[in-house]
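Throughout, a chain's letter reflects where its sequence line sits, starting with A, and its residues are numbered from 1.
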Protein chains: 2
Amino acid sequence: MRKIKHPTIEQLELTDIMYALADPTRLEIVALLANSGRKLTCGEINLNRPKSSMSHHFKILRSAGLVETLIEGTEHMNSLRFNEVEQKYPGVLNSVLKATKKL
Amino acid sequence: MRKIKHPTIEQLELTDIMYALADPTRLEIVALLANSGRKLTCGEINLNRPKSSMSHHFKILRSAGLVETLIEGTEHMNSLRFNEVEQKYPGVLNSVLKATKKL
DNA sequence: TCTATAGTTCGATTATATTGGAACATTGAT
DNA sequence: ATCAATGTTCCAATATAATCGAACTATAGA
């Protein structure tokens with residue numbers, strides 16, 4: 001069973017987080033994960049883009065520490081690392097999520 | 001006397017703001033403006049980079065609505081549009097500024 | 001008017017990101 | 001074993017951004 005590596009809280013870099021959130025597609029993914037209240041597979045997050053593009057964006061969200069991906073069978077279950085990110089940089093993710101609701 | 005155009009609060013776009021804040025140099029400029037408590041000229045913000053590079057970053061910060069630049073004589077006085085940005089997207093700029101103090 | 005100062009704009013170069021098709025890997029089911 | 005499903009990785013093309021020297025603009029002062 002494969003496992004995907006994620007950064008620890010200590011390794012979270014503010015600029016990586018900002019960079020990851022600066023892209024509209026990724027911001028949408030983050031908002032969907034936040035609002036769904038449950039883990040979502042990549043397939044459930046359908047933004048009408050090819051798989052390889054979505055995979056690219058997930059990779060960036062993961063490496064920024066924003067998204068955690070657990071492999072269950074053939075599916076990859078994605079969730080927002082909300083509490084961890086908030087712990088390191090309080091208010092950043094929360095306020096950005098609130099801001100996305102105005103869009 | 002020349003005047004520089006800035007976006008209105010209504011025109012502020014979240015992704016523009018995030019994009020502007022995703023660059024280390026710009027984040028540093030923003031932090032300096034926030035911590036100084038007064039308007040700073042471009043020259044006072046010395047990050048050991050050529051003028052043209054700094055001007056480029058200021059332009060992006062201005063177009064994102066984060067920085068206001070008033071021309072006084074030959075100098076350009078820069079200030080953070082903190083209250084306006086906070087009004088539109090509460091907590092975003094504030095939490096990012098707090099986060100920069102950990103860097 | 002000539003000169004110095006503060007920034008901007010231009011233009012070319014280099015670096016980095018996005019995109020998406022095709023091949024690949026892993027797992028589950030038949 | 002074979003096959004289908006879910007994503008990832010690879011690769012090449014395109015697009016966008018950063019960098020910085022040089023030329024330019026606007027203003028102030030002598």
So does [X] get a side-chain nitrogen or oxygen closer than 4.0 Å to the phosphate oxygens (OP1/OP2) of [N]?
X: B:Arg62; N: C:dG7; answer: no
X: A:Ser55; N: D:dT8; answer: yes
X: B:His76; N: C:dG7; answer: no
X: B:His56; N: C:dC10; answer: no

Enumerate the residues from residues 41-53 of chain A whose closest heavy atom to DNA chain D is under 4.0 Å, giving them by residue number; use none for an empty result. A:Thr41, A:Cys42, A:Gly43, A:Lys51, A:Ser52
Given the rule in the side-chain contact (heavy atoms from CB on, under 4.5 Å) test, do B:Arg38 and B:Leu40 qualify, once you have shown the distances and angles that lead to the verdict? CA-CA 6 Å; B:Arg38 63 180 180 84; B:Leu40 297 176; 3.6 Å; yes
So which heavy atom on B:Pro7 is nearest to which on B:Ser63, and how close?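 In this case the closest contact between B:Pro7 and B:Ser63 is CG-O, 3.7 Å.
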Where B:Arg62 and B:Val67 come nearest, the two heavy atoms and their spacing: CG-O, 3.4 Å
[N] [atom2] sits how many Å from [X] [atom1], rounded?
X: B:His57; N: D:dA17; atom1: NE2; atom2: P; value: 13 Å
X: A:Leu61; N: C:dT18; atom1: CG; atom2: P; value: 10 Å
X: B:Ile71; N: D:dT25; atom1: CD1; atom2: C1'; value: 10 Å
X: A:Glu72; N: C:dT26; atom1: CD; atom2: C1'; value: 15 Å

Are B:Glu28 and B:Arg49 close enough for a salt bridge, meaning some N to O gap below 4.0 Å?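 The answer is no: the pair does not qualify as a salt bridge.
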In residues 11-24 of chain A, which ones come under 4.0 Å of DNA chain C, going by heavy atoms?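 The answer is A:Tyr19, A:Asp23.
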Would you check, one step at a time, whether the test side-chain contact (heavy atoms from CB on, under 4.5 Å) holds for B:Tyr19 with B:Ile60? CA-CA 9 Å; B:Tyr19 166 68; B:Ile60 289 168; 3.9 Å; yes
Regarding A:Thr15 and A:Glu13, is there a side-chain donor-to-acceptor distance under 3.5 Å anywhere?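 There is no such pair (donor and acceptor under 3.5 Å, judged by atom type) between the side chains of A:Thr15 and A:Glu13.
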Counting N and O atoms only, with roles assigned by atom type, does the side chain of B:Lys88 sit under 3.5 Å from a partner on the main chain of B:Glu10, one being a donor and the other an acceptor? yes
Taking side chain to side chain donor-acceptor pair (under 3.5 Å) as the test, write out the residues that go with A:Asn78, two or more places apart. A:Thr69
